[in-house]
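One structure is given here, and the rest of the page talks about it.
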4 protein chains.
Amino acid sequence: MSPARLEAFSDGVLAIAATLLVLELQVPSDTDNLARALVAMWPSYVAYLTSFATIGIIWVNHHELIANVRRVDRQLMFLNLLLLMIVSVIPFPTALLGRYVTAGDGSHIAAAVYGGVMLLMSIAFTLLWRHVNQHHRDTALDPGRTRREGRLFSIGLLPYAVAIALSFVSAPLALAIYAGTAIFYLFPWLPEAPPRDASEAGSST
Amino acid sequence: MSPARLEAFSDGVLAIAATLLVLELQVPSDTDNLARALVAMWPSYVAYLTSFATIGIIWVNHHELIANVRRVDRQLMFLNLLLLMIVSVIPFPTALLGRYVTAGDGSHIAAAVYGGVMLLMSIAFTLLWRHVNQHHRDTALDPGRTRREGRLFSIGLLPYAVAIALSFVSAPLALAIYAGTAIFYLFPWLPEAPPRDASEAGSST
Amino acid sequence: MSPARLEAFSDGVLAIAATLLVLELQVPSDTDNLARALVAMWPSYVAYLTSFATIGIIWVNHHELIANVRRVDRQLMFLNLLLLMIVSVIPFPTALLGRYVTAGDGSHIAAAVYGGVMLLMSIAFTLLWRHVNQHHRDTALDPGRTRREGRLFSIGLLPYAVAIALSFVSAPLALAIYAGTAIFYLFPWLPEAPPRDASEAGSST
Amino acid sequence: MSPARLEAFSDGVLAIAATLLVLELQVPSDTDNLARALVAMWPSYVAYLTSFATIGIIWVNHHELIANVRRVDRQLMFLNLLLLMIVSVIPFPTALLGRYVTAGDGSHIAAAVYGGVMLLMSIAFTLLWRHVNQHHRDTALDPGRTRREGRLFSIGLLPYAVAIALSFVSAPLALAIYAGTAIFYLFPWLPEAPPRDASEAGSST
């Protein structure tokens with residue numbers, strides 16, 4: 001299997017998971033005061049934006065990671081499938097968090113479940129990243145960059161773990177940490193990965 | 001990241017957002033008079049057609065815009081993600097408008113929310129267009145065309161702003177403006193962009 | 001725009017429309033006799049299979065049609081968008097037909113609406129086919145084949161028109177005609193179109 | 001039609017079917033004890049994971065199978081469409097199994113229906129595999145490998161047939177067999193198929 005095929009399938013799953021998020025935004029059936037009903041849905045909007053941004057970031061990082069791979073082995077394929085399986089489930093905790101974050105007792109569980117899925121996703125990405133670094137390390141790949149990437153991804157596990165614990169104190173606070181983590185990763189902390197080589201434009205299409 | 005990858009992912013999200021619109025068309029549960037129930041759903045059909053055409057137009061313009069780009073920088077990637085995030089949400093205001101446009105008080109809010117999402121989408125597209133024009137201007141890109149494109153996209157913001165204001169007068173009127181704007185942009189006001197170069201057929205696949 | 005891009009976007013919309021059909025199959029909430037509840041859903045299964053096969057056939061024919069195109073003009077792009085807009089709506093009449101075909105009065109309307117969407121789809125495909133034949137006729141395209149294709153597609157309009165009329169007599173009969181039409185087109189009535197040329201393998205990826 | 005197009009369309013359908021599985025996970029409307037409500041949904045999680053893994057395995061095997069094909073004939077295209085039609089329906093029995101596996105009488109039917117769809121899917125894949133082996137056998141294809149593949153796929157039909165029978169004894173037991181079958185096929189029982197040839201990287205993009 002060529003890395004291009006793996007990327008095309010992964011892109012498909014990521015694009016669909018991101019676009020399905022909109023289905024959690026349900027048209028309110030209360031017609032008396034639509035404005036108020038829409039405003040009361042604010043946790044759903046925050047959850048939508050956070051999850052969409054998170055999937056977008058995974059997509060960008062996934063692309064940069066696979067750019068280092070020249071030949072897909074079976075283990076890589078299944079680690080990738082594990083990541084996609086977790087990303088595909090994100091619409092569920094997103095809907096859960098949007099519906100329950102302001103709902104008393106349920107809010108703690110909802111926030112913790114969301115964090116749990118995000119943590120699993122980070123772990124799956126880290127496993128994929130390690131596998132690529134151990135078995136597909138390019139001579140072209142800068143070891144300093146690898147170290148910095150490793151540090152950046154490890155940092156990623158921390159806020160999710162902390163937010164899961166804080167979920168039981170305050171669900172909105174946990175949601176704020178999830179949103180903040182997504183915003184943090186939107187910034188380009190690492191220089192852009194150099195292109196695979198001149199043939200990249202062709203082979204990654 | 002090659003422009004081809006960016007386009008493939010964007011195409012995926014745009015295609016899915018357009019196709020998910022059909023889920024807002026809900027089979028009526030009233031069996032007594034199905035014909036009447038289906039006719040009463042006319043605002044949903046207008047909203048469906050308007051949103052589908054709008055996403056189709058974004059797709060065409062997005063393609064012509066990215067055709068000018070040779071190398072994707074990180075800022076372009078995130079401006080593009082912002083656009084996709086807004087386009088992906090279109091099924092929600094579409095369902096809202098379809099359900100509430102004939103529903104008294106709620107109709108004004110529904111029409112304004114629809115216009116608000118369309119306005120945000122236009123702004124995101126304009127930001128993306130500006131970025132491409134400032135940082136990826138090709139020597140091949142005709143400055144006269146750039147001026148005319150800029151004027152055409154600015155015109156686009158106007159009807160949405162006007163329709164949002166008119167939403168509070170009459171929601172069906174606002175819907176008519178949204179549909180009219182989509183129809184206006186279906187016409188080829190600009191000559192077709194010249195292909196990137198001979199390698200386009202290969203690299204844009 | 002290259003034909004390859006047009007095909008990729010169209011493939012995306014067709015694949016999603018076909019896959020969304022499954023959402024019309026709703027898990028019965030009656031637990032007393034699940035077997036009977038599932039058997040009672042038989043019209044939904046027939047509607048699913050018919051619509052899936054129909055979209056599959058459109059996909060195959062769409063591919064063979066676009067294989068004749070070397071450069072996408074704006075009119076082709078919008079005729080294609082019109083076709084996609086109609087195909088994307090197919091999950092709605094499919095759900096309608098599945099739910100109402102055995103439901104007395106509503107069944108006639110449901111069967112006629114399904115046929116109406118199929119007829120519109122056939123017309124949109126015929127318009128696209130005509131445009132390609134008039135403006136993108138390849139010297140390589142056999143005129144005899146064109147004639148036979150034209151006849152085959154015209155034949156397609158007929159069963160839909162007949163079934164719409166028969167809908168008001170018997171909805172299951174109309175459904176049988178829709179299913180029969182799909183089965184008819186599954187057979188290879190025409191010899192396979194010759195590949196565009198040796199570069200096809202590359203440009204259509 | 002080039003094998004690359006067939007693969008791209010198939011990948012699209014497989015990716016969407018896998019991602020739509022998440023829609024069977026419905027946010028519980030019971031707010032009193034969200035934790036308990038989420039735990040009670042365990043059959044839905046097992047069904048989600050099993051179906052996602054199964055579709056992932058089909059994708060991997062589908063890719064390796066089509067890698068042997070150089071030219072798509074019409075029969076291959078329709079056998080492939082048959083497979084996609086069955087895979088696309090998987091979200092329905094998955095939702096059915098998740099909802100009914102712990103629900104007394106309905107559980108037996110739900111488990112048997114799930115197994116039935118899986119069995120049909122296996123049969124469709126076997127038909128596709130036979131067609132490729134009979135009509136597209138490459139001189140490069142190792143006959144020993146073909147024999148082992150054939151044995152491995154035949155083994156696949158067995159657990160589904162057994163589990164359907166056992167569904168009427170215990171639905172959770174049948175679910176365990178479905179999950180176990182997916183896990184069994186995750187292991188690389190066969191050596192990786194050799195790449196088609198040097199041009200694969202280009203033609204499979």
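What you are looking at is a predicted structure, and each value in this text was computed from that prediction instead of being measured. Residue numbering restarts at 1 for every chain, and letters A, B, ... go by the order of the sequence lines.
- When all heavy atoms are compared, the tightest approach of D/M77 to C/W59 is CG-CZ3, 4.3 Å.
- Among the residues in residues 14-22 of chain D, those with a non-hydrogen atom closer than 4.5 angstrom to a non-hydrogen atom of chain C are D/I16, D/A17, D/L20.
- Across every non-hydrogen atom of D/F92 and C/M41, the tightest pair is CZ-CE, 3.9 Å.
- For a heavy-atom cut-off of 4.5 Å, chain C lies close to D/I109, D/A110, D/V113 in residues 107-116 of chain D.
- Residues of residues 42-56 of chain D placed with any heavy atom under 4.5 Å of a heavy atom in chain C are absent; none qualify.
- Across C/P28 and D/L96, no two heavy atoms sit closer than the pair CD-CD1, 4.0 Å.
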Show every donor-acceptor pair shorter than 3.5 Å between a side-chain atom in residues 79-86 of chain D and any protein atom, with sequence neighbours excluded, or say none if there are none.
unit_1, atom_1, unit_2, atom_2, d
D/N80, OD1, D/H62, NE2, 2.7
D/N80, ND2, D/S10, OG, 3.0

